[in-house]
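Encoded as structure tokens, the structure appears first; notes follow it.
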Amino acid sequence: MRLSPTPISRSISMRQPPVGGRRAPVLRSRRESTSISKKPIAETLEDALDLARRAHRARLKNGVVQDKLFLPGLTKLRKLYEAEFFGRILSIRLDFGWWVFDGGLYPAQRPSWNYRKTTGGGLILDMFAHWRYIFDRLLGEIKAVSCRHMTALPERRDESGKWYDVDVEDTAFATFELAGGVLAQVSSSWASRVKRDDLLQIQVDGTLGSAVCVLHRCFLQPLVATPKPFFDPERPQAIVFDEQWQEMPDIEPFRSSYRAGWELFLKHVAEDAPFPSPLLEGAKGVQLAEACYQSDRERRWIDLPALTL
């Protein structure tokens, strides 16, 4: 990446939750000229919008990390969209998660603060910020959501070996309505065992073909190569469906997804190049999380109105 030879007399502030929990973000100094944050940028939509608006008023170049968009599997999926491979999109399914041990039989693979409300824990606040930008910038803009969540494992053992009560969700099932009316099923869980190719899997079905992408790989099946199975409960299924998919090759070199996002932000700072994910985009992730919680409480669909500065 080549940057302008002009010296940059700016400071870049990277904001992220401290180890042991989250806290409301603060613009610490007027002398700061740039700021980039990890998700979620705040625990409430009110705080997220306040941060984005103050950064805008202060004319800070700002942004939020959206690293998952640059993973090899998702970049291959983007190529299929650009090539109009799918035809008319029919539906989308996202499956995410794995079994996180409770600390009894084996130590947990996630820190205990993830499972406590007072420290900003909860699967929805943590992961649905990712789902928001993946959908909005790749799969289709989210217009409304219906969600139910639960706590599958109500007790866990922390890093010191003490048992504690889990007071946040570790499992969530949502349906997104996208622009144009396409529906997406989203299953996310820290209490589900994996029988798929990776911890995150996205399937897109269209009239002309389908694709399944995981973090580093992507498989496709065009209409002309789609098998024609028959349902026969009296006999074992003869088709091995996994063998009917073609894997996309690694044509472009792999690069760190975080580095890809950082390069865009540094070019934005140094050369005033466009940057697609300002803090307002981060606020959308918090908006989706709040809408999921509201949907669960009220057992109904929640619309996601446009956010403005």
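Any value given below was found using the heavy atoms of this structure, including those in side chains, with hydrogens, waters and symmetry copies removed. No experiment lies behind these values; they were computed from the predicted model shown.
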So V212 and R196, side-chain contact (heavy atoms from CB on, under 4.5 Å) or not? Walk me through it. CA-CA 11 Å; V212 174; R196 52 182 183 268; over 6 Å; no
Find out whether [X] and [Y] are in side-chain contact, i.e. whether some heavy atom of one side chain is under 4.5 Å from a heavy atom of the other.
X	Y	result
D165	E155	yes
E46	D50	no
F85	V204	no
F275	E281	no
V186	F96	no
W98	Q109	yes
L288	L304	yes

Hey, what do you get for [atom1] ([X]) to [atom2] ([Y]), rounding to the nearest 0.5 Å?
X	Y	atom1	atom2	value
L123	M150	CG	CE	12.0 Å
I134	L77	CD1	CG	10.0 Å
K79	C218	NZ	SG	12.5 Å
R217	W245	CZ	CH2	13.5 Å
T75	K68	OG1	NZ	14.0 Å
L178	L183	CG	CG	7.5 Å

Within the 3.5 Å criterion, strictly below it, is a donor on Q185 or R93 matched to an acceptor on the partner's side chain? no
Side chains of Q203 and S210, donor plus acceptor under 3.5 Å: no
Flag yes if [X] and [Y] sit in one hydrophobic cluster, no otherwise; membership is Ile, Leu, Val, Met, Phe, Trp, Tyr, and two members link when side-chain heavy atoms are under 4.5 Å apart.
X	Y	answer
L69	I142	yes
F128	I92	yes
F70	V65	yes
L199	I202	yes
L105	W99	yes

Between [X] and [Y], is there a donor-acceptor pair closer than 3.5 Å when you use the side chain of the first and the backbone of the second?
X	Y	answer
S189	G97	no
D205	L90	no
Q287	L45	no
D232	E234	yes
S295	C292	no
S37	V64	no
E169	R148	no
R53	T308	yes
Q221	Q244	yes
D47	A42	no

Please walk me through it: do Y133 and W131 pass ring pair (Phe, Tyr, Trp, His ring centres under 6.0 Å)? CA-CA 6 Å; Y133 68 74; W131 308 159; 8.6 Å; no
Using the side-chain contact (heavy atoms from CB on, under 4.5 Å) rule, take L74 and S257 through it: C-alpha gap first, then chi angles, then the decisive distance, then the call. CA-CA 10 Å; L74 276 73; S257 58; over 6 Å; no
More than 12 heavy atoms of other residues, nucleotides or ligands under 6.0 Å from [atom1] of [X]: yes or no?
X	atom1	result
Q294	CD	yes
E84	CD	no
D242	CG	no
Y106	OH	no
Q246	CD	no
R300	CZ	yes

Taking all non-hydrogen atoms of both residues into account, name the closest pair between [X] and [Y] and its distance.
X	Y	value
V286	A48	CG2-CB, 4.1 Å
H216	F254	CE1-CE1, 3.7 Å
L279	G63	CD2-O, 3.4 Å
P227	I239	CB-CD1, 4.4 Å
W190	M127	CZ2-CG, 4.3 Å
V182	S91	CG1-CA, 4.0 Å

Any salt bridge linking [X] with [Y]? Criterion: basic side-chain nitrogen under 4.0 Å from a carboxylate oxygen.
X	Y	result
D272	K61	yes
R259	E263	yes
D126	K39	yes
D158	K162	no

Quick one, H130 with L200, criterion side-chain contact (heavy atoms from CB on, under 4.5 Å). Give me CA distance, side-chain angles, the key distance, then yes/no. CA-CA 11 Å; H130 287 304; L200 171 66; over 6 Å; no
When you look at L60 and R54, which way does the side-chain contact (heavy atoms from CB on, under 4.5 Å) test go after all the steps? CA-CA 9 Å; L60 298 182; R54 288 190 290 122; over 6 Å; no
Aromatic ring pairing F265/H268, orientation class (parallel under 30°, perpendicular over 60°, tilted between):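 Rings of F265 and H268: tilted, 30 to 60°.
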Hey, could you give me each pair passing ring-ring contact (aromatic ring centres under 6.0 Å, His included) that has a residue in residues 147-179? Not counting sequence neighbours. F135-F176, H149-Y293
